[in-house]
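First the structure, in the form of structure tokens, and then the observations on it.
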Amino acid sequence: MKFKIIICIIGLTLFTLGIKAQTYIGEVLYGTTYQYAKLSITDSLTTFSLPYIDKDKKYIISEQIKTAPDWKVMRDFEVWDFKTTFSKNIIKGALLLNGTSQPVLFYEQQHALPEQSLAAYEGVFKDEKGNKAIVYAGNGYLHLMSPFSERTMSLKPVENNMFWSVSGETSVFKNLKNNSFHTLLIQNRFHTEIELTKIPPTVIEEAWIPVGEDTIYAKLFIPPTGKKAPACLVLPGGGPTGMANYEYEARFFAAQGMVSLVFDKSGNGKSKGPGNFNLQTFEEKTDQYLQLFSYLQQHPKVDPTKVGVHGPSEGGRLALMMAIDEPSVAFVNATAAPIMNMREGQLYAIQHHVRNRGIVETDNVSITSLWNEYYQGIIDGSILPETIKKANRFRETYERLFLPPDYLEIPGSPSKSDLLNERVAKEAGKIKCPVFLQYGENDERVAAQKSIQNFFTYASGELPVSVKLYPRANHSFMTPEYEISHGYTGDKLQWLKKIGIL
């Protein structure tokens, strides 16, 4: 097979057990796709790997590449010949492969920046065409939402105020004023450079919102604008994960000129009151979220005719239910939304969970059937002792397997109401606003194709619906390389422009 290879590699110096080591990170154009590449050097061993396609496999390089001008990578039946020189922590030269010579350039990665210095780089930068790059700090590192590669990447320092990412882009920050950089130069792997200028910052306000007997803690991300702006209520997914997990979308929407609101669920995070999301039904959550929606509509910075809802997983289900119940919802962006009753959705997820444990398929079928019996017991108001006996037999056979609990009491969650509630599908015909459904094709928690089919079965034929299925992505829209799916945010932006919100 004939293919080109282009590598831009960055070295990171590490010290492990007193042995100096360097890790170089780059990319390989294999076929038509750039692949992540890794080069690790110690005083005694140098290896090359392609983690995304070869996983943990490493290819040993016999030469000391810093001193030897010629070195080879023997990858199975392929031979990659390099001719390079090393000077001032920069390796540059050429790669000869299949009779074709290509330039290569490797940068040594600098030490991680101190956390207190990251704020100087953060912000939203805009080019002359209106494209916006978002730079933010997370887990001690800088991250870039690039409008050009449509990827979210961590930034690796290679020179003073210069960074590289596995998207192949380099980012250079300039024009430091008042402890903040005001110019960003982004260059892609083909050396096309775009200059962006920092725009005024997004304002983040805290809010305590009375909802029934609870007080919901929220954050509003408010873009710099002198007029009323569109807005989006960003719902959480299922489980106890806090609002920080959903600030990614809120930050993105605000950068595009939309007020966005994220919040802690009842009984979670900083929210106060007797409510507990674990014990709330879908209908109770929908009612509560509609009150938050009304709060956002009435905000003085918000255009009340352009307020929509974004929701992942359970949040996607509830975003659609909100649009069923509230005609003033201007749009719904539902991601990985289970458009079916909870019983059907849970059985799908359980089957995949058991199969991924490597459990034999006959037991998988039996365990799925067992859960179906358990859910029927909740619906009937009486869990059969035989159901729990079956669960205990599997509990003795398989450690830490997700099984019905060892008691006969009806649990607080899931409830009969939620297990049978399929309003999200059967009442979809009541939705009047534009809808954008996003799914990962490898989602093992939500049945994407079935959900899409259910929605189109019941939705009005005149409803403006857009659907995007992301290759190789899971329930969280992560690829096997632990990247957010390419285009996940860019598609949202184009859709919002198409429907006239932006």
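When a residue number appears, it is its place in the shown sequence, counting from 1.
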**Q.** Electrostatic pair Arg393:Glu386 at N-O distance under 4.0 angstrom
**A.** yes
Q.
Between Lys492 and Glu249, does any side-chain N to carboxylate O distance fall below 4.0 Å?
A. no
Can I get a per-line list of side-chain donor-acceptor pairs under 3.5 Å for residues 427-436, giving both atom names and the distance, sequence neighbours left out?
from, atom 1, to, atom 2, distance (Å)
Glu427, OE1, Arg423, NH1, 3.2
Glu427, OE1, Lys430, NZ, 3.2

With sequence neighbours left out, what residues match [X] under side chain to side chain donor-acceptor pair (under 3.5 Å)?
| X | value |
| --- | --- |
| Lys219 | Glu247 |
| Arg151 | Glu483, His486 |
| Lys132 | none |

Q) Tyr398 and Val354: side-chain contact (heavy atoms from CB on, under 4.5 Å), yes or no, with the steps? A) CA-CA 10 Å; Tyr398 300 106; Val354 174; over 6 Å; no
With sequence neighbours excluded, tell me which residues meet salt bridge (charged side-chain N to carboxylate O under 4.0 Å, His left out) with [X].
| X | value |
| --- | --- |
| Arg355 | Glu361 |
| Lys497 | none |
| Arg395 | none |
| Lys468 | Asp491 |

Q: Could you verify whether a donor N or O on one side chain and an acceptor N or O on the other, from His143 and Thr152, lie under 3.5 Å apart?
A: no
Q) Do you see a donor-acceptor pair shorter than 3.5 Å between the side chains of Asn333 and Gln438? A) yes
Q: Just jot down the side-chain contact (heavy atoms from CB on, under 4.5 Å) partners of Ser366, sequence neighbours excluded, or say none.
A: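 Partners of Ser366 under the side-chain contact (heavy atoms from CB on, under 4.5 Å) test: Phe394.
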Q) What residue among Leu290, Val309, Val307 forms side-chain contact (heavy atoms from CB on, under 4.5 Å) with Glu326? A)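 When Leu290, Val309, Val307 are each tested with Glu326, the side-chain contact (heavy atoms from CB on, under 4.5 Å) holds only for Leu290.
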(Q) Show me the pairs that pass side chain to side chain donor-acceptor pair (under 3.5 Å) and involve residues 401-419, at least two apart or across chains. (A) Asn392-Asp406
(Q) Run the ring pair (Phe, Tyr, Trp, His ring centres under 6.0 Å) test against Phe252 and tell me which residues pass, sequence neighbours left out. (A) none
**Q.** Asn139, CG: over 12 other non-hydrogen atoms inside 6.0 angstrom
**A.** no
Q: Sort and list the pairs that fulfil salt bridge (charged side-chain N to carboxylate O under 4.0 Å, His left out) and have at least one residue in residues 336-353, not counting sequence neighbours.
A: none
Q. Cation-pi between Lys57 and Tyr59: NZ/CZ under 6.0 Å from ring centre and within 45° of the ring axis?
A. no
